[in-house]
Amino acid sequence: MEVDAEKPKRLRQEKVLSQRELARLSGLTQATVWRLENGFHRVHPKTIRKLAKALEVEPLELVKKEE
């Protein structure tokens, strides 16, 4: 699965969170949050669920839509 890099970044900024804070809330590393926001790798569904829970959104809101 691939995360739409702009969505987690925008949501994180709207909640006034740093990447480090989002990493702590989601149980991910700051490096993982950085890579997700910069579109550097595909993501395991479990990672998407953790990120979505921390951002208080549904996981599908973070997934890149197929065209």
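Predicted, not measured: the structure shown is a model, and the values here were computed from it.
Every residue two or more places apart in sequence or in another chain that forms a side chain to side chain contact (heavy atoms under 4.5 Å, CB included) with E14 is listed here: R10, L11. Listed by chain and residue number, V57, E58 satisfy the side chain to side chain contact (heavy atoms under 4.5 Å, CB included) test with E61 (two or more places apart in sequence, or in another chain). Every residue two or more places apart in sequence or in another chain that forms a side chain to side chain donor-acceptor pair (under 3.5 Å) with E37 is listed here: R12, Q19. Applying the side chain to side chain contact (heavy atoms under 4.5 Å, CB included) rule to K64 yields the partners E2, D4; only residues at least two apart in sequence or on another chain are considered. The side chain to side chain contact (heavy atoms under 4.5 Å, CB included) test applied to R20 returns S18, Q30, not counting sequence neighbours. Partners of K53 by side chain to side chain donor-acceptor pair (under 3.5 Å), not counting sequence neighbours: none found.
To the nearest 0.5 Å, atom CG of residue L25 and atom CG of residue L51 are 10.5 Å apart. Between atom CG of residue L36 and atom CG of residue L22 there is a gap of 9.0 Å, rounded to the nearest 0.5 Å. Separating the CZ atom in R42 from the CZ atom in R35 is a distance of 15.5 Å, to the nearest 0.5 Å.
Residue pairs meeting the ring pair (Phe, Tyr, Trp, His ring centres under 6.0 Å) criterion with at least one partner in residues 3-35, sequence neighbours excluded, are W34-F40.
Taking every heavy atom of both residues into account, P59 and I48 meet most closely at O-CG2, 3.7 Å. Between K50 and L28 the shortest heavy-atom distance is CD-CD2, 4.0 Å.
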